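Here is the structure we will look at, set down as structure tokens.
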Amino acid sequence: MTNTHLNIEAVSKSFGAVTALNNIDLKIERGSFVCLLGPSGCGKTTLLRIIAGFEKPTSGRLLLDGTDISEVAPHKRGFGMVFQSLALFPHMSVAQNIAYGLKLRKASALEQRERVEELLNVIELPHIADRAVSELSGGQRQRVAIARALAIQPKLFLLDEPLSALDAKLRDNMQIELRRLQQKFGVTTVLVTHDQTEAMMLADELVVLDHGIVQQAATPTEVYRTPANSLVADFIGAANLVHAEVDGEEKLKLFGQMLDLGNKFPSGTKVCAAVRAEDIELNRADMSGRGTGTIVFARDLGAFQEWLVSVDGQEIRVRGTTAIGPNFQAGDIVSLKADPARVSVFPAQ
Ligand code: ATP
């Protein structure tokens, strides 16, 4: 059963001649974690700022639990926000920062103290309540900002690239913490990121934006396994896009291998096949030295190996674990085999 918390209805936003958002329709489920993902300039920050109330849509509206909030001022929406522009208050202690929203709402001193204590435990920093914000590390600050946003038990929790300033390891830990926190509080969350691994780690629903349009909104697995179009396939994961034409028998030649497309595309259709680096198998050339490609670049990334293989003038990225398969080097002649079930075929754009 669906339980829509926020309904984004036909929202468009233009800045002069630039269309940042083009007729966005999106239903956000209660308690879900939604990630807005897409390349730079796709409109994700604009959409988050519209949800927060910092921008007004040029057309369309926002319904929160069925009530139109399009005209409600940001501070009256009751949302918790972690935006780069909303830094912690430097002259206040950690506890004062976290309690700030509660104080504005005239919560009692006891209530403020209890809530701050609870949140400091949740973010695993119980000992830093009285510390000045300036004495905190980047990761600690980020956790305090998250606690401050959650203190008011927000109706929606909005985050704009909250982990982008952190180093890789801390970022990894924070992703797990953020997901746990969100589940603990059950708060409907919308987070903007351009990092697809982060989005896949956090989201119940991934919304891929490009050119101001929702290209796909689905679970991370669905987006990864069945991308809606070549833009999504290209953006999510290391996909290779191969342009080809469907032959007389409705088959597609991919790396010398014939893929049966059923009757999805008539003969002669120009198509684009997306196949991920990890869904291609490499084999040594046959006895006669024939193959479909030549390795032009090989590197060992520890957990897996990556190769660039020149095939019909195009460089195809292939990944495999070092535990299996031979140790290919630049110059090796190879044949490529794609798992047909893992190849997505779209009409050429
Ligand atoms: P990034 O990841 O680079 O932050 P984004 O996906 O968040 O990108 P937006 O910031 O939403 O993208 O911008 C979408 C489009 O709208 C861009 O073309 C941008 O230049 C334009 N835009 C955003 N804000 C304004 C503004 N205040 N004035 C004019 N143009 C704007």
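One-based numbering, in listed order, for ligands and for the atoms of each. Bear in mind the structure is a predicted one, so any value in this text is a computation, not a measurement.
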Between ligand 1 and the protein, find all N/O pairs closer than 3.5 Å and give the distance for each.
residue, atom, partner, partner atom, Å
ligand 1, 2 (O), K44, NZ, 2.6
ligand 1, 3 (O), S40, OG, 2.6
ligand 1, 6 (O), G41, N, 3.4
ligand 1, 6 (O), C42, N, 3.0
ligand 1, 6 (O), G43, N, 3.0
ligand 1, 6 (O), K44, N, 3.2
ligand 1, 6 (O), K44, NZ, 3.0
ligand 1, 7 (O), T45, N, 3.0
ligand 1, 7 (O), T45, OG1, 2.6
ligand 1, 8 (O), G41, N, 2.8
ligand 1, 11 (O), T46, N, 2.9
ligand 1, 11 (O), T46, OG1, 2.5
ligand 1, 12 (O), G43, N, 3.4

Inter- and intrachain pairs under ring-ring contact (aromatic ring centres under 6.0 Å, His included), touching residues 88-132, at least two apart: F89-Y100
Side-chain polar contacts of residues 73-81 - donor-acceptor pairs under 3.5 angstrom, sequence neighbours left out - could you list them?
residue, atom, partner, partner atom, Å
R77, NE, V72, O, 2.8
R77, NH1, I50, O, 3.2
R77, NH1, I51, O, 2.8
R77, NH2, I69, O, 3.0
R77, NH2, S70, O, 3.3
R77, NH2, V72, O, 2.9

Check: T46 and F15 side chains under 4.5 Å, non-hydrogen atoms: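 The answer is yes; the side chains approach within 4.5 Å.
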Pairs satisfying side chain to side chain donor-acceptor pair (under 3.5 Å), at least one member in residues 233-245, at least two apart: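 Every side chain to side chain donor-acceptor pair (under 3.5 Å) pair that includes a residue of residues 233-245, provided the two are not neighbours, is E245-K270.
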Row check, F83 ring normal vs R49 NZ/CZ: under 6.0 Å, within 45°: no
Minimum heavy-atom distance between R276 and V223, given as atom pair plus value: NH2-O, 4.2 Å
